[in-house]
Amino acid sequence: LVLQNNFGQSNTRFDQGNFNFDAQTDFNDFLVLQNNFGQSVTGAPVAVTRQEIAAIAAFATTSAVPEPAGLAVLMAGATAFCRRRPKR
């Protein structure tokens, strides 16, 4: 989704779909994603620049996913609030 939303843009970062660090989100970034999809990090460590680490850290902190239990609590509260009592 990030790649799709920023496709064709320049001056983008890793967290904006620029997976090959060429400052453009384009078809080459899609190929990087396609070629590495489903793989895990193994083997010798790869040298990473400070800019890459900062981009990954920024993406990790801004892309938090809510806990499923929180949604269940909200739904239970909404159900209790909207429930009507039968007329007597």
Side-chain angles (χ1 to χ4, degrees):
L1 186 59
V2 171
L3 181 62
Q4 177 184 356
N5 289 341
N6 294 298
F7 193 81
Q9 305 225 0
S10 58
N11 297 323
T12 53
R13 302 179 310 266
F14 180 84
D15 61 326
Q16 295 172 320
N18 180 18
F19 301 134
N20 61 355
F21 305 106
D22 65 351
Q24 295 180 357
T25 302
D26 53 12
F27 188 72
N28 293 328
D29 298 303
F30 174 74
L31 291 176
V32 171
L33 181 65
Q34 179 185 15
N35 291 336
N36 296 293
F37 190 79
Q39 295 189 16
S40 61
V41 179
T42 58
V46 177
V48 180
T49 66
R50 289 183 183 181
Q51 291 175 336
E52 294 169 352
I53 293 171
I56 293 168
F59 179 73
T61 57
T62 59
S63 298
V65 177
E67 185 179 337
L71 182 59
V73 170
L74 285 174
M75 289 178 62
T79 303
F81 181 74
C82 295
R83 186 175 175 199
R84 297 182 181 207
R85 295 181 184 214
K87 294 182 180 182
R88 293 184 186 206

message = In the structure I gave you, are the side-chain heavy atoms of N5 and V2 within less than 4.5 Å of one another anywhere?
response = no
key: Shortest non-hydrogen contact between D26 and L3, atoms and distance   = O-CD1, 4.4 Å
request  = Find the distance between CG (D29) and CG (N6) and round it off to the nearest 0.5 Å.
outcome  = 10.0 Å
note = Heavy-atom nearest pair, T25 first then Q16, reads OG1-O, 3.3 Å
ask   = Once the angle between the rings of F19 and F14 is folded into 0 to 90°, is it parallel (under 30°), tilted (30 to 60°) or perpendicular (over 60°)?
value = perpendicular
Verdict with reasoning, N18 to D22, per side-chain contact (heavy atoms from CB on, under 4.5 Å) = CA-CA 7 Å; N18 180 18; D22 65 351; 3.0 Å; yes
ask   = If you take all heavy atoms of F27 and F7, which pair is closest and at what distance?
value = N-CE1, 3.5 Å
